[in-house]
Each structure stands twice: as C-alpha cells, then as structure tokens.
Amino acid sequence: MSLTRASLALAAAFALAAPAPPVAAVRQEDAPDASVDEAWLLLPDDPLGRLWASVGPETEPAPEPAPAAADRTVWEEWALQLERVRSEDRAVRQAGIRRLVQIARADGRIEDAYAWVVALGAGDAAGLASIVPRMFPGIDPRVPLGPGGRPQGLADGAVLRPCLPPRSSAARPGTIEVRRATARGLRIGDTTFDMLLKVDGSGVVCDLDHVSGGPVKLRLALPAPEGFRLKSAYLDWDQLTLPEGEDAASYDWAGVPLEIDLVPSEDSFTVFARLDRRTQPFPTPPAAGATLPRATRDEGFVLVLREPDEGAVPVNEWKGVAAAWSRALGLPVEVRVVADDAEAARVGGASAPVAIRLDRAPDPIALRRLVTSAIETRLRGQD
C-alpha cells in the first residue's frame, strides 16, 4: 500500500479532514478588556478565556500532578490516564486530565493540551490555576504558583516557554489566526515586567515591557503554530545568526531559548520570528463521531516500519505506542517490520488490518502525533 493510500486509509479510520489550504489570516481574537486591575493573565474571549474567568485572585492552585511511576513508560502513562478520565470519581478524572495536559504539551500537541484544559471545566478553578500559567506565559513547573495562579517570582535567567493561545473553532486547518495573550506583573527579583504574545500572518511576536526595578536577564523560547517552523528570529529587530552548521532552509527557532537583557526603557523589547509552512502530506484531524470502518473495527490496524536507521525511533518504542493505542481504542494494533516495498505492499487489504505506512512517511513522528490526536479527540467526544 502506498503512502498516499495509507494516508487515505488513516483518514477513513479516524474521519480526519482534507489536507490544509495555504496560509491565510482568518479572523482576529483580541484579549479581553485589560481594565480589571486584579487580572494578571489576559486571554482571548474564547472557551479557555471564559474558563480562566472562574479563577479568582484568591484561587489556590491544585497540587502538581504526580509524576509517572519509574517503571511506567510515557505511553503506558498516557493509556492509563485516558482510562482515568472516564472514572466516575471526579477527583480521579480531574487528576487524569491534568496529567494528559502535561503529556500532550511535552509531545508538542498543544491544541490537544488546550482541549484537555477545556475539559476540566469551570468547576475546577484550582486545576485551571495550576495548569494554564504553565502553558502561558510558560512558567517552569519548578516555580511555585500562588493565589490566582500567579508565579511566585522567577530567578534571574529564568526560561519562559509560552504556548500560543488556542485556535478558535472558526479557524480553518492550516490557516494563521490572529491571537494574543498578555501576562502582567511577572517578577524577577525586584523587577516587574509584562509580556504580550501574538501570532499573525507575518509571524510570532513577543513584546516585553519593563515596568519597574533594575535590569534582568531571561530566556524566551518562542512557540510556532502547528504545521509551521520559525525560519528566522530577531531580538529587538536584529536578526539572529544561525548556529554553526545549521541550514537556513530547515532550521527551526521554535523552542530555542533566546537570551534577553531586559533593561528599564519606555519602549517594548520585541522578540519576533517569521513563519514558514511545513509540508505535511497527511490528513488533519478531526471529527470524533464518525463510525470506524468495518475492517478497522474487526482487524484493527498495523504500523509498518523498516529497520530504523541510526538515530531513528527504535522498534520497541513503536511497539509501546501500538500497545497504548490498542489499549485506548480497544482494537488490535501491531507493529510489522518489513524488508522492502514489496513486503510492505502485502500488509493490509480488504480483509486485513488497515496499514499505516510509517516506513514511507517523511515525518513518522508527525504522523504518530496525528493519530494520537485523533484518538484523544474521539475519546473526548464519547464523554
């Protein structure tokens, strides 16, 4: 089965949408009115922003989710938490959701992370206060959060890893939607500063405003919208030089901590990165309610691999992925290692499991994220 045919099979199995259209700005979602003095975190007026409104200035954040057991892989943890979110025990369910937020974010599936945050609901203000500041403005998990989710002071040289605000339901796949969020009153020692993060058709912009105190150092790791890379980066409009040996046609500044000297000034310190669309010849999610094809319901599906090259994901890790998907879906999922295209072509068919051709995918990890996202979307839709 060809890569194209495998992608179509995957699309049928999970009711995924068509490939994304070219880049375009679709609509503007500004942050809500910033006139409320006690509002330190200003999010777009969307489901997440409205949930955040349930977090008051005195809301005590929930404890951080417990880490996975040392003998449990991240995929075993993922499957376990998917089971816990279906628990009738509200505390178990909410703890499972908070852990899935962490897992999705670490996996680079930011929209899935936000979808789990929304699944918490306004009835868990403490959970929201503990999770949202970790995503925006991207506070390190080791930094304690105080009432209202406010970070309790950052160290000089601290790293901020903000996520972009979530996309709205009106956004078409592959488009750039203008979104912004603001964090006010962030502190490093005696220095206070504000941070605004925005994405638009030109790129990702972060404005840092020194409010009071002396000069400080911090590091900022800019995010990229899903399906894009940051092809060039600028500190106060001075373009940064690529690291030695890197190729401008492929290097991605997303997630790279950029060192910033923030000094007293009436002007904002601007960090900017230009966008470049990644080519992903895969369908994009999702529609959760579609019935799975009979072949998938009866036989499950198989992940087709070649023996990995040096540096590639080991076969045993793919087997862990397959076991987790199988546990989550209640369907057989296996891994098959093939020697060549002829052998791969014999995998799958009318009376056999749907074959997902990881061996032909230009980015197997991107395809794995796609399927994982589709599974999560389907299971959330069943709640």
Side-chain angles (χ1 to χ4, degrees), residues 20-31 41-44 46 48-49 104-114 132-140 158-168 171-184 186 193-209 218-243 246 248-262 267-280 366 369:
V23 179
V26 295
R27 65 193 290 259
Q28 170 96 21
E29 284 280 5
D30 287 335
L41 187 57
L42 307 176
L43 299 175
D46 61 6
L48 177 63
R105 185 182 177 188
D107 193 31
R109 294 181 289 108
I110 304 305
E111 294 299 324
D112 287 329
Y114 277 127
V132 174
R134 305 296 187 197
M135 300 187 70
F136 181 83
I139 304 300
D140 188 284
V159 181
L160 293 174
R161 296 184 178 276
C163 299
L164 292 170
R167 290 162 57 82
S168 73
R172 293 182 293 114
T175 59
I176 292 297
E177 184 180 44
V178 180
R179 305 289 275 170
R180 68 181 69 199
T182 301
R184 303 192 303 191
L186 300 175
F193 65 98
D194 299 340
M195 171 181 166
L196 179 146
L197 183 71
K198 184 179 80 168
V199 60
D200 59 24
S202 63
V204 177
V205 181
C206 183
D207 285 336
L208 300 167
D209 288 303
L218 63 95
R219 289 175 290 166
L220 175 69
L222 286 178
E226 185 175 353
F228 295 83
R229 72 180 178 107
L230 303 183
K231 66 178 181 179
S232 55
Y234 303 77
L235 291 184
D236 239 13
W237 308 113
D238 289 330
Q239 185 171 358
L240 297 177
T241 303
L242 282 175
E246 295 290 350
S250 60
Y251 187 74
D252 189 358
W253 288 95
V256 177
L258 307 177
E259 296 186 0
I260 296 167
D261 292 312
L262 189 61
D267 299 321
S268 299
F269 186 100
T270 299
V271 185
F272 172 71
R274 296 191 185 279
L275 295 172
D276 182 43
R277 181 173 176 79
R278 292 184 180 277
T279 301
Q280 296 287 357
R369 290 190 184 112

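Numbering starts at 1 and runs along the sequence shown.
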Query raised in the report: Hey, is the main chain of Leu41 close enough, under 3.5 Å, to the side chain of Arg184 for a donor-acceptor pair?
Result: no
Requested in this report: Identify, with sequence neighbours excluded, every residue that meets ring-ring contact (aromatic ring centres under 6.0 Å, His included) alongside Phe193.
Outcome: none
Requested in this report: Determine whether the side chains of Asp46 and Ser168 contain a donor N or O and an acceptor N or O closer than 3.5 Å.
Outcome: no
Report summary line: CG (Leu186) and CG (Leu160) are apart, to the nearest 0.5 Å, by 6.5 Å
Query raised in the report: Pairs in or reaching into residues 249-262: which pass salt bridge (charged side-chain N to carboxylate O under 4.0 Å, His left out), with residues at least two apart or in two chains?
Result: Lys217-Asp261, Asp252-Arg278
Query - For Ser232, all residues meeting side-chain hydrogen bond (donor to acceptor under 3.5 Å, both in side chains), sequence neighbours excluded - result: none
**Report entry** Pro162 to Ala221 - nearest heavy-atom pair and separation
**Finding:** CD-O, 3.4 Å
Query - Arg369: partners by side-chain hydrogen bond (donor to acceptor under 3.5 Å, both in side chains), with sequence neighbours left out - result: none
Report summary line: side-chain contact (heavy atoms from CB on, under 4.5 Å) filter on Pro225, not counting sequence neighbours, yields Leu164, Ile176, Val199, Val204, Phe228, Leu275
Query raised in the report: Rounded to the nearest 0.5 Å, how far does CG of Leu220 lie from CZ of Arg161?
Result: 9.5 Å
**Report entry** Residues in side-chain hydrogen bond (donor to acceptor under 3.5 Å, both in side chains) contact with Arg219, at least two apart in sequence or another chain
**Finding:** none
Query raised in the report: Of all residues at least two apart in sequence or in a different chain, which pass the salt bridge (charged side-chain N to carboxylate O under 4.0 Å, His left out) check with Asp209?
Result: none
Query raised in the report: Atom OH of Tyr234 and atom CZ of Arg274: how far apart are they, to the nearest 0.5 Å?
Result: 4.5 Å
Query raised in the report: Can you find a pair of side-chain heavy atoms, one from Arg179 and one from Lys198, that are under 4.5 Å apart?
Result: no
Query - Which residues share a side-chain contact (heavy atoms from CB on, under 4.5 Å) with Ala104, sequence neighbours left out - result: Arg109, Asp112, Ala113
Query - Results of ring-ring contact (aromatic ring centres under 6.0 Å, His included) for Tyr251 - residues two or more places apart only - result: Trp253
Report task. Take Asp107 and Arg105 through the test salt bridge (charged side-chain N to carboxylate O under 4.0 Å, His left out) and record every step on the way to the result. Result -> CA-CA 5 Å; Asp107 193 31; Arg105 185 182 177 188; over 6 Å; no
Query raised in the report: Mind checking what makes side-chain hydrogen bond (donor to acceptor under 3.5 Å, both in side chains) contact with Asp236, not counting sequence neighbours?
Result: none
Report summary line: When every non-hydrogen atom of Cys206 is compared with those of Leu197, the smallest separation belongs to CB-CD1, 3.9 Å
Query raised in the report: Out of curiosity, Phe269 CZ to Asp207 CG, how far, rounded to the nearest 0.5 Å?
Result: 10.5 Å
Report summary line: One should read off an interatomic distance between Phe136 CZ and Ile110 CD1, to the nearest 0.5 angstrom, of 13.5 Å
Query - CG on Leu208 to CG on Leu262, rounded to 0.5 Å - result: 6.0 Å
